[in-house]
Each structure stands twice: as C-alpha cells, then as structure tokens.
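Please read all numbers here as calculations on a predicted model, not as lab measurements.
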Amino acid sequence: MHDKATSRIIQESVPGKQVTIAHVIASPMPDIYERLGIDEAGALGILTLTPCETAIIAADVATKTADVEIGFLDRFTGSVIISGDVQSVETALAAVIETLRNLLGFDTVGITKT
C-alpha cells in the first residue's frame, strides 16, 4: 500500500483597504427588517469593509450624504447596514465607495442591486 503524504496549509487573512460588498436590496420582505430589528424602509444598503473600523467612516459618509439611517454598524466585523428609500440608499453607497476609493485609496467593488 502506498501512503500519501499529508500537507498542511495555513492561510492567514491579511486585510487590505477594501470594500468587499456594496449591495442594495430594494423592497426587502418585511421579515428581513424584523430579523434585523430595524424599522421598515424602501431599501437596505449592505457594506462589508476592511479594516473593520472603516465601518464607522462609511456610516458617517452615508448619513451625511443622503437621507438614510444606520440600521446596523459593527466595527469589529466591518459590516454596515443602512436603510431609506431606494434612491437615497444608492446615493449613500455611491458616496461611501467614492470617498473610500478617492480619499483613502481603498480597493472597491461596484454596487450591486436586487
């Protein structure tokens, strides 16, 4: 019998300055709001960012740019959820992406929508 050598691979996550998700959910089902524990609005905007503390900057830019509210902010995971009407959420996400890319040199993604 022939034994195969076992190799171990150790992977580390070394976060760069990046936006990994920027997504708009237009007209979410009421159950989503209920499970998130936030008031219903026309849309949700979801961001994931590294380094995680960037969530604070993103929430600040979003709320200063458009009529949106912070539904969730986690500076330990880099997650941000904003809510508002569809146009306001799209405007806020675009401003966050632009600010992080142009002012802070982040790698960014395009905004997706469902």
J.: Do you see a donor-acceptor pair shorter than 3.5 Å between the side chains of Thr48 and Ser79?
T.: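 Side-chain D/A pair, Thr48 to Ser79: absent.
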J.: Find out if a path of hydrophobic residues (ILVMFWY) with successive side-chain heavy-atom gaps under 4.5 Å connects Leu73 to Leu49.
T.: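 In one cluster with Leu73: Leu49, yes.
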J.: Are Gln18 and Val109 close enough that some pair of their side-chain heavy atoms sits under 4.5 Å apart?
T.: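 When only atoms from C-beta onward are counted, Val109 and Gln18 do not touch, as no gap falls below 4.5 Å.
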J.: Drop me the distance from Ser83's OG to Asp67's CG, to the nearest 0.5 angstrom.
T.: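 Answer for the OG-CG pair, Ser83 versus Asp67, is 9.5 Å.
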J.: At their closest point, which heavy atom of Ala94 faces which heavy atom of Ile111, and how far apart are they?
T.: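 That would be N-CD1, 3.5 Å.
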J.: Over all heavy atoms of both residues, which pair between Glu90 and Lys113 is shortest? Give the atoms and the distance, please.
T.: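 Smallest heavy-atom distance, with atoms named: OE2-NZ, 2.9 Å.
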J.: Minimum heavy-atom separation for Ala22 to Leu93, with atom names?
T.: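 Looks like C-CD1, 4.4 Å.
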J.: Would you say the side chain of Val24 lies within less than 4.5 Å of the side chain of Leu44, judging by non-hydrogen atoms?
T.: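 With C-beta onward as the side chain, the pair stays apart.
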J.: Could you check whether atom CG of Asp31 has more than 12 heavy atoms from other residues, nucleotides or ligands sitting under 6.0 Å from it?
T.: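 Buried by this count: over 12 neighbours within 6.0 Å.
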J.: Say whether, by atom type as modelled, one donor and one acceptor occur between the side chain of Tyr33 and the main chain of Ala41 under 3.5 angstrom.
T.: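 Judged by distance alone, yes, a pair lies under 3.5 Å.
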J.: Would you compute the distance between atom NZ of Lys17 and atom CG of Asp107 and round it to the nearest 0.5 angstrom?
T.: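 Here the interatomic distance stands at 9.0 Å.
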J.: Which atom pair, heavy atoms only, marks the closest approach of Val80 to Ile82?
T.: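 Taking every non-hydrogen atom into account, CG1-CG2, 4.0 Å.
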J.: Roughly how far apart are Thr112 OG1 and His23 NE2, rounded to 0.5 Å?
T.: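 Thr112 OG1 to His23 NE2: 4.5 Å, rounded to 0.5 Å.
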J.: Find out whether Glu40 and Glu34 are in side-chain contact, i.e. whether some heavy atom of one side chain is under 4.5 Å from a heavy atom of the other.
T.: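 Heavy-atom side-chain distance check fails, nothing below 4.5 Å.
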J.: Are any non-hydrogen side-chain atoms of Val89 and Ile25 less than 4.5 angstrom apart?
T.: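 Counting from C-beta outward, Val89 and Ile25 never come under 4.5 Å.
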J.: Would you say the side chain of Phe72 lies within less than 4.5 Å of the side chain of Ile70, judging by non-hydrogen atoms?
T.: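 They are not in contact (no side-chain heavy atoms under 4.5 Å apart), so the answer is no.
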J.: Count I, L, V, M, F, W, Y as connected when their side-chain heavy atoms are under 4.5 Å apart, and connections chain through other members. Are Ile21 and Ile81 then in the same cluster?
T.: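 Result: no, two separate clusters.
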J.: Determine whether Leu36 and Ile32 make a side-chain contact, defined as any pair of heavy atoms from C-beta on separated by less than 4.5 Å.
T.: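 A side-chain contact under 4.5 Å exists here.
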J.: For side chain to side chain contact (heavy atoms under 4.5 Å, CB included), just list the numbers for Asp60 and Ile56, CA-CA rounded to whole Å, side-chain angles, deciding distance to a tenth of an Å, and then say yes or no.
T.: CA-CA 6 Å; Asp60 180 61; Ile56 300 163; 5.8 Å; no
J.: Please identify each residue that fulfils side chain to side chain contact (heavy atoms under 4.5 Å, CB included) with Asp85, with sequence neighbours left out.
T.: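 Listed in chain order: Gln87, Ser88.
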J.: Please determine whether residues Leu47 and Ile57 belong to a single hydrophobic cluster, defined as Ile, Leu, Val, Met, Phe, Trp and Tyr linked transitively by side-chain heavy-atom distances below 4.5 Å.
T.: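 They do share one cluster, since a chain of ILVMFWY contacts under 4.5 Å joins Leu47 to Ile57.
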J.: Heavy-atom distance under 4.5 Å between the side chains of Cys52 and Arg75, does that happen here?
T.: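 No, their side chains stay 4.5 Å or more apart.
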J.: Please report the closest heavy-atom contact between Ala43 and Ala26, naming both atoms and the distance.
T.: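 Looking at all heavy atoms of both residues, the closest pair is CB-CA, 4.2 Å.
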J.: Tell me which donor-acceptor pairs under 3.5 Å the side chains of residues 95-106 have, and how far apart each pair is, sequence neighbours excluded?
T.:
{"unit_1": "Thr99", "atom_1": "OG1", "unit_2": "Ala95", "atom_2": "O", "d": "2.8"}
{"unit_1": "Arg101", "atom_1": "NH1", "unit_2": "Thr108", "atom_2": "OG1", "d": "3.4"}

